[in-house]
Amino acid sequence: MLQLRWSLLRPLQGVCRNPRRYFAHKNLLELTDRGFFQGIFPDTAAPKIKQLFTSGQQSIYAGFDPTADSLHVGNLLVIMGLLHCQRAGHRPIALVGGATGLIGDPSGRKTERNQLGESIIESNLKAIEQQLTRVFENHEKCLWDNRKNSTPLQPLTIVNNAEWYANLHLIDFIANMGRHFRMGSMLSRSSVQSRLESEDGMSFTEFTYQIFQAYDWLHLLRKHNCCFQMGGSDQTGNLMTGHELISRVERKREVFGMTLPIVTNEEGDKFGKSAGNAVWLDENKTSPFALYQFFLRMPDSEAEKLLKLFTFIPLPEIEQLMQEHEKEPEKRKAQTLLAEDVTLLVHGENGLKQAERVTNALYKGKVDGLAELNYAEIKQTFQGAAVVDLLTEPGMSILQLAMKAKCFPTETLDLLAAQFNSIQLFDLILYFGGQLAAAAKLSFV
């Protein structure tokens, strides 16, 4: 069955080649079997949540602050949560924090964030909205089977909280909303406690973050009937504050929080920009090849967990795959499938093809595929390598160009000069990868 991966649906789809479809149940709590939810809030609300999910369409939101010009793998799990909501027939809402990004979420941080200017925030917002839209489009095009799902996917709704805060007056907001927050509860949040006990302490600006995230939820409840908020487990305190606000302001309404595990490596470090090891969803910051390799190189001990979190493959098939993987771990079947699905989701079919071409060239000796990469793809793939602009001269050989670009320390490659041409030049990438971009920048036209 697993061998049918590329051949089963490709002729019928005509666009993407991944036949794996995880048919989610309307009760999203069943994702707990995949290790997807770390907790729910209130913790006794499972029966009520199940009843709501199975009785009709619900709205679920997750927030993304524009603290960088790209989302990263840590954010991808939250996006997966919204995609599972969409697959189950519910309505996903992505909130981008044009207002809260100016404040900075203290959750999971040891120090205060650097304040960003409004122009940077606006630029980051635009980039993040484009990334979210692209991932949802890739999902529908490549990972959703319309032939077996007659009901169309609910479109992603993207909202910016700067839109409603722009019309709020400070005094009115404090007078009307501030009275519903309790200092004791706010001070008890772990994100607050850890910062108060630190050497630098916590600013009032950061302390107010939970107030604004709580009001965001209230606004979405009133305008979009959004009873569910989803976020990483480090957001538990913010979710609880929102729940408490709504329980006081909208006494007849019930809302629920769902927290996801924080993605970490073997050492327990999370994959986020704050940790300094972010793997970005922007192809100009982390190329499709680098993203593919990131998941391909995951240790065996992490493969099954990540397949459950970052793919839509049904659990029985994951179990079968892991049994095959254990028989021949050196083939890295589990990691390969994981890398393919994530790259397909983030960068689409073309991004996956690019990643596979480079992988086959660098690690499997199939270097002809590199000749299919354009200049932009080569720069993305080999970020950090030197790039040299050269003016060619009539009669100059490829070897002379390579030497002028200082690809090689000496001209000891004279014996290979006769073999050089625009394709064979890429063979040298296998041995001089650090200088790839310099060599690839050469124009042969």
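Heavy atoms from other residues, nucleotides or ligands lying under 6.0 Å from CG of N114 number 12 at most. For CD of E118, the number of neighbouring non-hydrogen atoms (other residues, nucleotides, ligands) closer than 6.0 Å is 12 at most. Atom CD of Q115 sits in a sparse spot, with 12 or fewer heavy atoms from other residues, nucleotides or ligands closer than 6.0 Å. Counting non-hydrogen atoms of neighbouring residues, nucleotides and ligands closer than 6.0 angstrom, the NZ atom of K223 reaches no more than 12 such neighbours. Within 6.0 Å of CD on E330 lie more than 12 heavy atoms contributed by other residues, nucleotides or ligands.
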Mind running side chain to side chain contact (heavy atoms under 4.5 Å, CB included) on E349 and K141 for me, showing each step along the way?
CA-CA 9 Å; E349 179 76 359; K141 184 185 298 183; over 6 Å; no
Full working for side chain to side chain contact (heavy atoms under 4.5 Å, CB included) between L345 and C142:
CA-CA 8 Å; L345 178 65; C142 302; over 6 Å; no
What do the steps show when you test D300 against Q335 for side-chain hydrogen bond (donor to acceptor under 3.5 Å, both in side chains), and what is the final call?
CA-CA 8 Å; D300 291 343; Q335 289 93 333; 2.8 Å; yes
Residues S70, Q131; criterion side-chain hydrogen bond (donor to acceptor under 3.5 Å, both in side chains); working and verdict:
CA-CA 8 Å; S70 173; Q131 285 180 359; 2.9 Å; yes
Between Q235 and Q229, is a side-chain hydrogen bond (donor to acceptor under 3.5 Å, both in side chains) present by the stated rule, with each step listed?
CA-CA 10 Å; Q235 293 294 309; Q229 182 180 174; over 6 Å; no
For F295 and T343: C-alpha separation, side-chain torsions, deciding distance, then whether side chain to side chain contact (heavy atoms under 4.5 Å, CB included) applies.
CA-CA 9 Å; F295 284 98; T343 306; 5.9 Å; no
Run Y215 and N161 through side chain to side chain contact (heavy atoms under 4.5 Å, CB included) and show every step you take.
CA-CA 10 Å; Y215 185 78; N161 60 12; over 6 Å; no
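Side chains of H243 and L239 form no contact here, defined as non-hydrogen atoms less than 4.5 Å apart. Contact check for F181 versus T241: side-chain heavy atoms found under the 4.5 Å cut-off. Contact of the L220 side chain with the W164 side chain is registered, since non-hydrogen atoms from C-beta on lie closer than 4.5 Å. The side-chain heavy atoms of P42 and F256, taken from C-beta on, include a pair separated by under 4.5 Å. Side-chain contact between T311 and L338 is present, with heavy atoms from C-beta onward closer than 4.5 Å. Residues F37 and T259 are not in side-chain contact: their nearest non-hydrogen atoms beyond the backbone lie 4.5 Å or more apart. Contact check for M80 versus F312: side-chain heavy atoms found under the 4.5 Å cut-off. In this structure, S123 and D69 have side chains that are not in contact, with every pair of non-hydrogen atoms separated by 4.5 Å or more.
Using a distance-only test at 3.5 Å, with no hydrogens or angles considered, no donor-acceptor pair links the side chain of Q154 to the main chain of Q86. With hydrogens and angles ignored, the 3.5 Å screen pairs no side-chain donor or acceptor of R195 with any backbone N or O of S191. Side-chain atoms of S203 come within 3.5 Å of backbone atoms of E206 as a donor-acceptor pair (strictly under, hydrogens ignored). Here the side chain of R248 pairs a donor or acceptor atom with the backbone of H180 at under 3.5 angstrom. Counting only distance, with no hydrogens or angles, the side chain of T286 and the backbone of E283 share no donor-acceptor pair below 3.5 Å. Using modelled atom types, one side-chain atom of Q58 and one backbone atom of L52 make a donor-acceptor pair closer than 3.5 Å. Without hydrogens or angle criteria, N27 side chain to K50 main chain gives no donor-acceptor distance under 3.5 Å. Within the 3.5 Å criterion, the main-chain N or O of H72 finds a donor-acceptor partner in the side chain of N75. Formation of a donor-acceptor pair under 3.5 Å by the R332 side chain with backbone atoms of L296 is found in this model. For R134 (side chain) and H347 (main-chain N/O), no donor-acceptor pair under 3.5 Å exists by modelled atom type.
In this structure, Q320 CD and I313 CD1 are separated by 11.0 Å, a value rounded to the nearest 0.5 Å. Here the NE2 atom belonging to H90 is positioned 7.0 Å from the SG atom belonging to C85, to the nearest 0.5 angstrom. For the atom pair CZ (F289) and CZ (F294), the distance works out to 14.0 Å, reported to the nearest 0.5 Å. Interatomic distance, L83 CG to L143 CG, rounded to the nearest 0.5 Å: 8.5 Å. Taken to the nearest 0.5 Å, the CG atom of D65 stands 9.0 Å off from the CD1 atom of I103. Taken to the nearest 0.5 Å, the OG1 atom of T67 stands 7.5 Å off from the CG atom of N124.
The pair K308-E304 meets the salt-bridge criterion, since a charged nitrogen lies less than 4.0 angstrom from a carboxylate oxygen. A salt bridge does not link R182 with E244: every distance from a Lys NZ or Arg NE/NH1/NH2 to an Asp or Glu carboxylate oxygen is 4.0 Å or more. Using a 4.0 Å cut-off between charged nitrogen and carboxylate oxygen, K327 and E324 do not count as a salt-bridge pair. Salt-bridge formation is detected for the pair R222/E250: a Lys NZ or Arg NE/NH1/NH2 atom is positioned less than 4.0 Å from an Asp or Glu carboxylate oxygen.
Nearest heavy-atom pair, A303 versus A334, reported as atom, atom and distance to 0.1 Å: CB-CB, 4.0 Å. Pairing each heavy atom of L281 with each of V73, the nearest pair is CD2-N, 4.2 Å. Of all non-hydrogen atoms in N138 and V346, the two that sit nearest each other are ND2-O, 3.3 Å. In terms of heavy atoms, L71 sits closest to L132 at CD1-CD2, 3.8 Å. In terms of heavy atoms, K26 sits closest to T54 at CB-CA, 4.4 Å. Nearest approach of P66 to G101, heavy atoms of both residues: CD-CA, 4.0 Å.
Taking the centre of each ring, H224 and Y61 stay at or above the 6.0 Å mark.
Between Y165 and F173, the ring planes are perpendicular. Angles over 60° get that label, and only those under 30° would be called parallel. The aromatic rings of H139 and F136 sit perpendicular, their planes meeting at an angle over 60°, well past the 30° parallel limit.
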